Amino acid sequence: MLDIKYNHKIVEEGKYTNWINKDYFLSGDNTKTPFSMILPPPNVTGKLHLGHAWDVTIQDIIARYKRMNGFDVLWLPGMDHAAIATEAKVVAKLKEQGINKYELGREKFLEKSWEWKEEYAQNIRQQWAKMGISLDYSKERFTLDEVSVKAVNHVFISMYEKGLIYKGKKIINWDPIAKTALSNEEVVYKDIEGAFYHIKYFIENTDEYLDVATTRPETLFGDTAVAVNPKDERYNKLIGKNVILPIVNKLIPIIGDEHADMEKGTGVVKITPAHDPNDFEVGNRHNLDRVVVINEDGTMNENALMFNGLDRFDARNKLIEKLKEEKLLINIEKITHSVGHSERTNAIVEPYLSEQWFVKMAPLAKKVLENQKNKKTKVNFIPKNQEKILENWMNDCYDWCISRQLWWGIRIPAWYKDNEMKVQVESPGDGWIQDNDVLDTWFSSALWPFSTLGYPDNTDLYNRYYPTDVLVTGYDIIFFWVARMIFQGLEFTGKKPFKECVIHGLVRDKSGRKMSKSLGNGIDPMDMIDQYGCDALRFFLTTNSAPGQDLRFDEEKVKSTWNFINKIWNASRFTLINTENIDEIKLTNLSFSDKWILTRLQQTIQSVTNNMNKYEFNNVGAELYSFIWDDFCDGYIEFSKFNMDKKSTQSTLIYVLTNILKLLHPFMPFVTEEIYSNLAIKENESIMISDYPKYNDNLVFADTINLMKETREFITKVRTIKKDNNIKKDSLFTFNSSNDEIKILISNCLKLNDDNIIIENQGNYNKLQIVSKTNILENNLVYYYKETEDEKNKIMNELNKEKDKLESSILKREKLLSNTGYINNAPKDLIEEEKRKLENEKLALEDIVKKIASYN
RNA sequence: GGAUUCUUAGCUCAGUUGGUUAGAGCACCUGCCUUACAAGCAGGGGGUCACAGGUUCGAGUCCUGUAGAGUCCACCA
């Protein structure tokens, strides 16, 4: 038997291990229809946060739901090596121990990185277990696994051969701390305090100068021109002349280029082709030299003359001093501007001319856009509006820099000897040296939906489970990952990698801020599990926002979810206590309330299933919450208390509870398993492998719904009257109904007995109020008691208020029903319903009017 | 500059293809230990759905505009 209170710690103990031991999470039953999902692989850099918890719970709900619906579910777990993120952490850890990455050497460093990976992978698996998620561990993958590396090499070589990958010298984002190139997506812009430095560039052979403003004065050593707009009448006559580059004292030309914006700054812009992407383009147009002035580590090089070897920011300060001395500095204008930072090391990113590998995006993006136009082959996003984000990005993207000057990752399969290059996996022979760089971590993750299944080999796994059915992830990762999986999937498998893409939002803190380490407002999901249990956390995370919307974390809500589970626990306790000796479930000779709750259950099953299929878990949550709490607990269980001698009641109790547990199981795997295991009658050894409830028309008694609604409203109304008028239990009153079952139900709920139900007479009592007539209850209820003059007035007020309300409502309905537009256009049943209500209200009004008259 | 989401009760949020008198949780008020649950039960109060127009028989929902908030992309000499 269940304890008096729900204890999540006891309930969750041991269940996950048991499920694993029973092989419930394994895929591979070929008699069933396959259903596959790939878990977005977390980085092996740290702990799972609430966003992960949300993401995996959505997937687990889908997996468990599909499994209970008879599918062979493959939910494939894995982790991402997270090239730069992990490398940065390992470097930092080594630094604490006084070890330098470069002194350690590539091989030793990789050993340390693998140690790190093993440690963190173990943490992550423990957290998955705590979350109760049903992953098929027999298929677990890592992005540096042999299968993954094989796919990556295959794809790289093939793209190179197709001309979709090329090596080129371009301006890329350079992280001077990690000393690697970054893609644009790995750069985060932050507003910081900076300045416009206005510098004098004297025009050759004159005393005149141009006022050139820059935020990065140290790059002036790399200036190879000054540009003005050809339409700018202030300056265009100067085009073709030279200016003297300050400090360096060499001559550079004044050129005319559209890039110079007349509205912006002074209208004059210095051109540094090696250190600015726009200037690079200008340089190409005008055939300018590209002078690199900064080293890989962010120090200045010999081109910076006396600042050679200084850090770029030191050099900036010293240069400004120098310019002041030379009277070349006009002024310093303080500004706040946004500056790119490395996502992982937080270093200020330097636009840097360097030779890197790129993926040519245009043809791939085009493929995605075209595929999205085809209803049959497109990836369906949930919610649908997220498709626009993808299209937006695909419409406007530039080539993807995929080489990283790191060690932790998949090494680029290119080999060099003298001036020759060969792109292949194996070394072409003696003297050939492999490219030192590794690939962007997203290059391997982009192949994840098929590399994990064995692609490019023709494996059974790949054939059975690809394309996958659903991918679940946050909208923040559409560019990084979703888009890239789609174009790689289309390019290499000829198919979309997943049929549906369920997008969720971000978890925010209580005041709506993003959760982040720097703000220190992060919540550890493991703490929440410890306090409220995994089931409460899961239900909270997945039922408190609409699809695609952000979720504000509120511990109070997790707490109230715990209360809900405790409620389920106690309803189960009640059911178990009263069905201990039952040996079969027999849904015959059903009472009115049995029929009603069974019908409500069927309605709930239908609606929940519908919402589950649409991934609208917030609706499922609301549906289950109100069915369980309002209908089952507050309604049916209360009614069952005076019907418990009936076999049908016991059967209905256990039948409805069993169905409730199954409907809840995808959301709350632990507590539903615990209660299920205590049922007197059950079909399976575990709820996990039981069948999901199916709508059953034989258990629908449609007419009970309105009857029960009216009955319960009536009961509420009487209680309200009693309460408002401070009527004690022993008051006398009467009501009548042609339906005996309803009569009994009301008597019981209102705790009436023969002594205080009277049909006639008032004795010492006065009439108090009559509850309005309804379809099922006739001339029904009168309370009697002695009242004071004040009370009398109060009652009259109430009656008049009720009368006014009815009158205005009737007027409104009559107006509506005489509106030909409404009659012609509104659905028929809606009009019928309206007419019915009008009739009822008229009856009720008649009643009230009579009562008011008799009162006086 | 472009895109996108949002604005509904004191707070946090739902609200399906337009269709009765707009819902929930928490908070609030009143009364109850009615043996499944006081982390509960019973009852109650609280919203001119940001604002202004428009379409419609009918708008929280669709369209246009305004204001405010968030996010992404681009720019940032």
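Everything numeric in this text was worked out from a predicted model, so none of it was measured.
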Engineer: So A/K835 and A/E832, do their side chains get closer than 4.5 Å, heavy atoms only?
Structural biologist: yes
Engineer: NA contact type, A/I637, heavy-atom cut-off 4.0 Å: base, sugar-phosphate, or nothing?
Structural biologist: base
Engineer: Given A/T219, which of A/R312, A/K270, A/H275, A/R316 fulfils the side-chain hydrogen bond (donor to acceptor under 3.5 Å, both in side chains) condition?
Structural biologist: A/K270
Engineer: Between B/A14, B/G25, B/C57, spot the one nearest the side chain of A/N819, thanks.
Structural biologist: B/C57
Engineer: Is the backbone N or O of A/L288 less than 3.5 Å from a side-chain atom of A/T224, with the two atoms forming a donor-acceptor pair by type?
Structural biologist: no
Engineer: From the options B/A14, B/G19, B/G25, select the nucleotide whose nearest atom is closest to the side chain of A/Y625.
Structural biologist: B/G25
Engineer: If you find the nucleotide of RNA chain B closest to A/K614 and the one closest to A/I823, which residue's nucleotide is nearer the 5' end?
Structural biologist: A/K614
Engineer: Can you check the distance between B/G40 and B/U48, where both ends of the measurement are the C1' atom (answer in whole Å)?
Structural biologist: 37 Å
Engineer: With a 3.5 Å cut-off and no angle check, do the side chains of A/N618 and A/T543 form a donor-acceptor pair?
Structural biologist: no
Engineer: For atom P, what is the distance between B/A9 and B/A3, given to the nearest Å?
Structural biologist: 30 Å
Engineer: Write down the distance between CD1 (A/I503) and P (B/U71), rounded to a whole number of angstrom.
Structural biologist: 19 Å
Engineer: If you look at every strand shown and take non-hydrogen atoms under 4.0 Å, does A/A546 touch a base, only sugar-phosphate, or nothing?
Structural biologist: sugar-phosphate
Engineer: Is A/D634 paired with A/R712 through a side-chain N to carboxylate O contact shorter than 4.0 Å?
Structural biologist: no
Engineer: Side chains of A/V671 and A/I568: closer than 4.5 Å at any heavy-atom pair?
Structural biologist: no
Engineer: Does A/E350 pair with A/R216 as a salt bridge, N-O distance under 4.0 Å?
Structural biologist: yes
Engineer: What residues form a ring-ring contact (aromatic ring centres under 6.0 Å, His included) with A/F221, not counting sequence neighbours?
Structural biologist: A/F307
Engineer: How close or far is atom P of B/G58 from atom CD of A/E834, stated in whole angstroms?
Structural biologist: 15 Å
Engineer: Can you tell me the distance, in whole Å, between the CD1 atom of A/I477 and the C1' atom of B/U71?
Structural biologist: 15 Å
Engineer: Can you build the contact string for nucleotides 72-77 of chain B? Use B for base contact, S for sugar-phosphate-only contact, and - for no protein heavy atom under 4.0 Å.
Structural biologist: SSSBBB
Engineer: All N/O contacts under 3.5 Å from nucleotides 6-10 of chain B to the protein, with atom names and distances to one decimal?
Structural biologist:
from : atom 1 : to     : atom 2 : distance (Å)
B/C6 : OP1    : A/Q549 : NE2    : 3.4

Engineer: Roughly how far apart, to the nearest Å, are B/A39 and B/G60 at atom C1'?
Structural biologist: 34 Å
Engineer: Could you tell me whether A/E841 contacts a base, only the sugar-phosphate backbone, or nothing, with contacts defined as non-hydrogen atoms closer than 4.0 Å?
Structural biologist: base
Engineer: Using a 3.5 Å cut-off on both pairing distances, which stems of three or more Watson-Crick or G-U pairs include RNA chain B?
Structural biologist: B:1-7 with B:67-73, B:10-13 with B:23-26, B:28-32 with B:40-44, B:50-54 with B:62-66
Engineer: According to the interplanar angle, ranging from 0 to 90°, do the rings of A/F632 and A/F627 count as parallel (below 30°), tilted (30 to 60°) or perpendicular (above 60°)?
Structural biologist: parallel
Engineer: Considering heavy-atom distances to RNA chain B, does A/N618 or A/K388 have its closest nucleotide positioned more toward the 5' end?
Structural biologist: A/K388
Engineer: What distance, rounded to whole Å, do you find between the two C1' atoms, one in B/C63 and one in B/G18?
Structural biologist: 13 Å
Engineer: When rounded to the nearest Å, what value does the distance between C1' atoms of B/U21 and B/G53 take?
Structural biologist: 27 Å
Engineer: Looking just at side-chain N and O atoms, do A/R573 and A/N678 make a donor-acceptor pair shorter than 3.5 Å?
Structural biologist: no
Engineer: A/N385 has an atom CG; how far is it from atom P of B/U4, in whole Å?
Structural biologist: 9 Å
Engineer: Whole angstroms only, please: what is the CG-P distance between A/N544 and B/C26?
Structural biologist: 12 Å
Engineer: Counting any heavy atom closer than 4.0 Å, what does A/K641 reach on the DNA or RNA strands: base, sugar-phosphate only, or nothing?
Structural biologist: base
Engineer: Taking A/D550 for its side chain and A/L506 for its backbone only, find out whether a donor-acceptor pair lies under 3.5 Å.
Structural biologist: yes
Engineer: In whole Å, what separates the C1' atom of B/A59 from that of B/C41?
Structural biologist: 39 Å
Engineer: Any side-chain heavy-atom pair from A/I831 and A/I823 closer than 4.5 angstrom?
Structural biologist: yes
Engineer: Hey, are A/T716 and A/E713 close enough side-chain-wise for a donor-acceptor pair under 3.5 Å?
Structural biologist: no
Engineer: Taking atom C1' of B/U56 as reference, at what distance in whole Å does atom CG of A/N824 sit?
Structural biologist: 14 Å
Engineer: Spell out protein contact along nucleotides 39-44 of chain B as letters: B when the base is contacted, S when just the sugar-phosphate is, - when no protein heavy atom is under 4.0 Å; keep the 5' to 3' order.
Structural biologist: BSSBSS
Engineer: A/W562 and ring pair (Phe, Tyr, Trp, His ring centres under 6.0 Å): which partner among A/F539, A/Y532, A/Y6, A/F540?
Structural biologist: A/Y6
Engineer: Just checking A/R508: base, sugar-phosphate only, or nothing, at a heavy-atom cut-off of under 4.0 Å?
Structural biologist: sugar-phosphate
Engineer: Quick one: does any side-chain atom of A/T579 pair with a main-chain N or O of A/T575 as donor and acceptor, under 3.5 Å?
Structural biologist: yes
Engineer: Separation of A/L2 atom CG from B/A36 atom P, in whole Å?
Structural biologist: 14 Å
Engineer: Please state how far atom CZ in A/R552 lies from atom C1' in B/U5, giving the value in whole angstrom units.
Structural biologist: 14 Å
Engineer: If the C1' atom of B/C33 is compared with that of B/C11, how far apart are they to the nearest Å?
Structural biologist: 31 Å
Engineer: What pairs of residues pass the salt bridge (Lys or Arg N to Asp or Glu O under 4.0 Å) test when at least one of them lies in residues 252-267 of chain A, not counting sequence neighbours?
Structural biologist: A/D257-A/R285
Engineer: Considering only the C1' atoms, how many Å lie between B/C62 and B/G15, rounded to the nearest integer?
Structural biologist: 16 Å
Engineer: Please tell me which of the listed nucleotides, B/U4, B/U12, B/G19, lies nearest to the side chain of A/K557?
Structural biologist: B/U12
